[in-house]
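Structure, as structure tokens:
Labels below follow one simple rule: chain letters A, B, ... track the order of the sequence lines, proteins then strands, and each chain is numbered from 1. Side-chain atoms are counted along with the backbone in the values below, which use heavy atoms only and exclude waters and symmetry mates.
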Number of protein chains: 2
Amino acid sequence: MSGQQQRATLDDVARLAGVSSKTVSRVFADRELVSPATVERVLTAAKRLRFRPNSLARNLRRGGSTNTIGFIMGELGNPFYYKVAAGIEQELARNGHALLVATTDDTPDGEERVADALLAQRIGALLLIPVADDQSYLEGERHLGTPVIAIDRPARNLVADALVLENHRGAFEATSRLLALGHRRIAYACNPAAVYTQAERVRGYRDAMAAAGIHDTHRWERLVDDRSAAPEQLVADLFARDDAPTAIITGNNRMTIGALRAFRARGDADAIALIGFDDFDTADVLGVSVISYDPVALGRQAARLALERIGEPAGFTKQIELPTWLVERGTGERPPAEGAQ
Amino acid sequence: MSGQQQRATLDDVARLAGVSSKTVSRVFADRELVSPATVERVLTAAKRLRFRPNSLARNLRRGGSTNTIGFIMGELGNPFYYKVAAGIEQELARNGHALLVATTDDTPDGEERVADALLAQRIGALLLIPVADDQSYLEGERHLGTPVIAIDRPARNLVADALVLENHRGAFEATSRLLALGHRRIAYACNPAAVYTQAERVRGYRDAMAAAGIHDTHRWERLVDDRSAAPEQLVADLFARDDAPTAIITGNNRMTIGALRAFRARGDADAIALIGFDDFDTADVLGVSVISYDPVALGRQAARLALERIGEPAGFTKQIELPTWLVERGTGERPPAEGAQ
DNA sequence: AATGATGATGACAACGCTGTCCGATCGGCA
DNA sequence: TGCCGATCGGACAGCGTTGTCATCATCATT
């Protein structure tokens, strides 16, 4: 092993190329202003020394924020989040920006701590999936010029752009579809429940039920917030009752898979209609009908919005809704079992 | 909307607190050396001004690398990659480091470009899932003191730590299991095939077959590198032949799901035994036997190794193998159909 | 030939922070 | 009371880059 080398700086390159450091700087910034011969000489020297401009110093000098965008997501375990992350990364890479990710494990108190860590890195914009009840702690930062974009859920007590899904419409459509098939006892299960998305989805479910004259939906709702409760068990409980539902809408992919496990354990449950919110990789193989949307597009749009805001911070904030649609694959088109009604 | 504010600096805080900027600096670094009363005064002032230390300046001054770790992954679409990312993030967060991610879309030429972008950010270490045939372009950087850790596949032409799976053992075990059930015509399908992991897995498969006296395995191998080829079709082709295999091992989760789709399309294929490499979320619901491992642990270990290397760059590089194990869920325990043998 | 316009290059300071070094302050002890 | 040591605060420089401004050579124009 040879000894530790020093990292080359602009000055080192300048000395080797026989020019001033400013000229080298120009070569790596506004190449236009330097004569071709000099550019060549500098580049040769830079390559010889394996020079790489120090973006720390560059960004410091340039006054603050970097070309790095921060993204605070919930737990990485959920495919939804990382597909959003993928979309963000794609769009940022296309524009020469880097992505700094942090997770909160979906706990509210983690959010501010994590945001602080990201902001200390002088990120150029902050994307987040809000978990805490209150994002006012970001107000100061926003004021300082860091754009904040809320994804999936609007920020609370903070002026920020937001990208959300058509939660209400999706749930309404799914419920209506089941009602049209003749179902009356339609359950809605989710965990966690105390988040914006679920509130909207439940509202869509209730509205559709109400439109069909069914008002006592609370009997079929299973809105749980205990993270340790197994989705499978929640669904199993629902169908162990005498007046078991004939159909169920699951509020997210974890719950959908939980329902599938519960059905599998029961064995007799091929008769139960199921529509899940969120698509997932093997939903087609399993024949599961879902309310789908494009999480990658969600991420891409969020990134695009962030980049726009960096360019032009003023202007009214937007709240954009992304479409959801029903994908029929089998489980959602099952009519109620004979005599169940 | 009120106008743009200025970001507070150490000096601003110092002025408000009536101390020197160095004292404020100490409060945010070695709090020990400052009297409690002063600490309090400084913190109050800092809070009033919404001061946040500028880590750009700090890291620049402290001489180079940051507390940010870069991770180059393939496409984010694959659950394997993001679960590794999740593990990395967990471990880094625990140690006060941030994670900068970049993707290459699994194209070799993207890798160096992306690595360059990350290294310009003066990351403290680089984790990557090698895609290119040659990582020698990182040699200079490694020499400059940036630890490089290869994940899932060893780096080529570069001295670097590596974390890989027991690919050979896993495939050997799966193949042996199928052989023990009486299967002889066992296929192996994967795409892409020209990567380290697949080479190892194929080797494990061949060795197990050879141990059972079967040497013409090329008849059952479907090693494809055309990314546009649909996994489903590849498997379908394999089973459309007269001497169709009675069992198949799929080289990764995409191929496993492709096989399930192909089987589903055929309808008669419940008889075909299947063991897939990589676990996935609904494998239990689908009853799919797999060669499993813990991708999150892989990420965690990689991060831990990186942090170790930052602390103590010298020392011999390690190549660590993480265990794989067979999970029996149904498809892998099917004996060959009557008369098939 | 004198003039201004143009283009290429360099000197210098500063971005916000911290390491080094030194000076100020205070309590305790003779 | 005076002095010493311990402890805490501050002045200064510099990390690697870029913005500003100045300098100088070259060239076209009258």
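The CZ atom of B/R62 sits 17 Å away from the C1' atom of D/dG16 (whole-angstrom rounding). Rounded to whole Å, atom C1' of D/dG16 lies 15 Å from atom CD of B/Q121. Distance CG (A/D12) to P (D/dC15): 11 Å, rounded to an integer number of Å. Per the geometry, CZ belonging to A/R15 stands 19 Å off P belonging to C/dT9, to the nearest Å. What separates CG of A/N54 from C1' of C/dC17 is a distance of 14 Å, to the nearest Å. The interatomic distance linking B/L60 (CG) with C/dA14 (P) rounds to 17 Å, in whole Å. We find that CG of A/L10 is positioned 14 Å from C1' of C/dG10, with the value rounded to whole Å. Rounded to whole Å, atom P of C/dT18 lies 9 Å from atom CG of B/N59.
Applying the 4.0 Å criterion to OP1 and OP2 of C/dT18, one finds that B/R58 has a side-chain N or O inside that range. For D/dG9, one of the phosphate oxygens OP1 or OP2 lies less than 4.0 angstrom from a side-chain nitrogen or oxygen of B/T38. Taking side-chain N and O atoms only, A/S35 has a distance below 4.0 Å to OP1 or OP2 of C/dT9. In this model, the phosphate group of D/dT17 is not approached by any side-chain N or O of A/S25 to a distance below 4.0 Å at OP1 or OP2. Between C/dT9 and A/T23, no contact under 4.0 Å exists linking OP1 or OP2 to a side-chain N or O.
One N or O donor and one acceptor, one from the side chain of B/R26 and one from the base of D/dG9, sit under 3.5 Å apart. Side chain B/R61 to base C/dT18: a donor-acceptor pair is found below 3.5 Å.
Closest-nucleotide positions on DNA chain C for A/K22 and A/P36 were compared, and the one nearer the 5' end corresponds to A/P36. Between B/G18 and A/F51, the residue whose closest nucleotide on DNA chain D is further toward the 5' end is B/G18. If B/A57 and B/S20 are placed on DNA chain D by their nearest nucleotide, the residue sitting closer to the 5' end is B/S20.
Using a 4.0 Å cut-off between a side-chain N of Lys or Arg and a carboxylate O of Asp or Glu, B/D116 and B/R113 do not qualify as a salt bridge. A salt bridge links B/R52 and A/E141; the closest N-O separation between the charged side-chain nitrogens and carboxylate oxygens is under 4.0 Å.
Side chain of A/T23 to backbone of A/V19: no donor-acceptor contact under 3.5 angstrom is found. In this structure, the side chain of A/R300 does not engage the main chain of A/E91 through any donor-acceptor pair within 3.5 Å.
Taking 4.5 Å as the limit, some side-chain heavy atom of B/L10 sits within range of a side-chain heavy atom of B/S25.
Side-chain proximity of A/V19 to the nucleotides C/dG10, C/dC15, D/dT18 is greatest for C/dG10.
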